[in-house]
Amino acid sequence: MKKGKGQLLFRNALLDWFGANQRDLPWRRTYDPYHIWVSEVMLQQTQMERGVEYFNRWMERFPDIRSLADASEQEVLKAWEGLGYYSRARNIRAAADVLLAEYGGVVPEDYAALLALPGIGPYTAAAVMSIAFNQPYPVIDANVERLFARIDNVARPMKEKAVYQNLEKILATMLRTAPPRDFNQALMELGALVCRPRNPLCGECPLGTQCRALAAGTVMQRPVLPPRKETIDIVMACAILKHNGKFFIQQRRSDDVWGGLWEFPGGRLKNGESAAQAAARELYEETELRAVNLDPFRTVTHHYTRYRVTLHAFFCNISKVPEPRLHAATAFRWVALDELDRYPFPSGHRQLIAHMKR
DNA sequence: TTCCAGGCGT
DNA sequence: ACGCCTGGAA
């Protein structure tokens, strides 16, 4: 991008567009720092429409930092259920404790203090500083990277050090005169609504005359993305154990995938093993309970990271009075079908529960 | 059915 | 550098 006059044109066109086109979102009603913080973390991973639903439910349940700090981790995970990346929910909860203990329950207007909180990195700290407090900190998220990759027709990955530092410099310069709250939001909003990853609306873009990728016909090749990693298929089986009308669930360790969430015992098939054999074996290895009457129920698929999981579920019983000994989990419960909703489950297990209730 | 997004912690 | 997670778009 050109310096001086070019940057001024850029900023004015961007701010005019934002003034006329910004969406009416719940956290834009007050710009309360707690609202901005939670919405930024939620929106990092969630499409806007779903994010608004989760945000509104969250604020109803945890209207302020104190109510969040008073809540159990289970309640917080339940409110986050379905969003994925559950460490983020645990981190928000942990940060609320720190804010209460060290900052009187208030979000500090201090970049370094924000950065030191669990789950807050450079992006979120800059977003809270600029959007909540209107301070001149550049925010660089994927929207901003994509927008500038196209404006400047950058042929290298945006994460490259020199490329990234150049972008930081441009934004810092513009923020010397632009209003931080509106400017940063405008960049991200334009990236989300117009300069979209697929099907960008270049005909409606207020920066079209300044876009080098548009002029060069390379919009769809920008930004340059790193090569995708291969998807790995894995097959798993789980045992839905029913005894005296209740179902056995166990809670995953907090340092593991889906930490703190609940599940039916299960695991990966070994070489040459059938799904039913794996379900019974995993149940025994994880709980020392012996399955009888294994009955195929449903097969569901879900994804995490670069794995595609096919999960075979089996109903089963046990013959003797149960006293499980846990080897893969931190707690267990016997729960009636109607009560399962109170516990947070990973996506695949929630699919199974939905089928059980039909 | 496949592909895709995306900041933080380790 | 890599793992975390999911639902919706293509």
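The chains referred to below are lettered A, B, ... by the order of the sequence lines, with proteins before strands, and numbering in each begins at 1. Nothing here was measured: the structure is a model prediction, and the numbers come from that model.
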Separation of [N] [atom2] from [X] [atom1] (nearest whole Å):
| X | N | atom1 | atom2 | result |
| --- | --- | --- | --- | --- |
| A:Leu83 | C:dG7 | CG | P | 9 Å |
| A:Arg90 | C:dC4 | CZ | C1' | 10 Å |
| A:Met48 | B:dA5 | CE | P | 17 Å |
| A:Trp80 | C:dC5 | CH2 | C1' | 12 Å |
| A:Arg198 | B:dC4 | CZ | P | 7 Å |
| A:Gln44 | C:dG3 | CD | P | 20 Å |
| A:Ile92 | B:dG7 | CD1 | P | 15 Å |
| A:Tyr86 | B:dG9 | OH | P | 19 Å |

Practice item. May I ask you to check whether over 12 heavy atoms, not counting those of A:Arg325, lie within 6.0 Å of atom CZ? Key: no
**Study point:** Donor-acceptor contact present, side-chain A:Glu286 to main-chain A:His327, <3.5 Å
**Key:** no
Exercise for review: Output yes when a side-chain donor or acceptor of A:Arg298 lies under 3.5 Å from a complementary backbone atom of A:His355, and no otherwise.
Suggested key: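 No; zero donor-acceptor contacts below 3.5 Å.
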Practice item. Please work out if A:Arg196 contacts a base, only the sugar-phosphate, or nothing of the nucleic acid, heavy-atom cut-off 4.0 Å. Key: nothing
Exercise for review: Classify the nucleic acid contact of A:Val41 as base, sugar-phosphate or nothing, counting any heavy atom under 4.0 Å across all strands shown.
Suggested key: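 Result for A:Val41 = nothing.
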Please determine whether a side-chain nitrogen or oxygen atom of [X] lies at a distance below 4.0 Å from atom OP1 or OP2 of [N].
| X | N | result |
| --- | --- | --- |
| A:Thr124 | B:dC8 | yes |
| A:Arg308 | B:dT2 | yes |
| A:Asn91 | B:dC8 | no |
| A:Ser347 | C:dG7 | yes |
| A:Arg350 | C:dG7 | yes |

Can you figure out which of [options] approaches the side chain of [X] most closely?
| X | options | result |
| --- | --- | --- |
| A:Tyr307 | C:dC4, B:dG7, C:dT6 | C:dC4 |
| A:Thr305 | C:dG8, C:dC5, C:dA10 | C:dC5 |
| A:Trp258 | B:dT2, C:dG8, C:dT6 | C:dT6 |
| A:Pro197 | C:dC4, B:dT2, B:dA5 | B:dA5 |
| A:Tyr304 | B:dG7, B:dG9, C:dC4 | C:dC4 |
| A:Arg306 | C:dG3, C:dA10, B:dG7 | C:dG3 |

Practice item. Would you state whether a donor and an acceptor, one from the side chain of A:Arg88 and one from the base of B:dG7, lie under 3.5 Å apart? Key: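 Counting by modelled atom types and ignoring angles, a donor-acceptor contact under 3.5 Å is found here.
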Practice item. Give a yes or no on whether the ring-centroid distance for A:Phe297 and A:His312 is below 6.0 angstrom. Key: no
Practice item. Select from A:Leu117 and A:Leu43 the residue whose nearest nucleotide in DNA chain B is closer to the 5' end of that strand. Key: A:Leu43
Practice item. Check A:Pro200 against A:Met220 and note the closest heavy-atom contact, atom names and distance. Key: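 So the minimum-distance heavy-atom pair works out to CD-SD, 3.7 Å.
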Review point. So which one's nearest nucleotide on DNA chain C is more toward 5', A:Asn199 or A:Gly82?
Key: A:Gly82
Review point. Applying the salt bridge (charged side-chain N to carboxylate O under 4.0 Å, His left out) test to A:Glu75, which of A:Arg90, A:Arg93, A:Arg61, A:Arg342 qualifies?
Key: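 Of the listed options, the one satisfying the test is A:Arg61.
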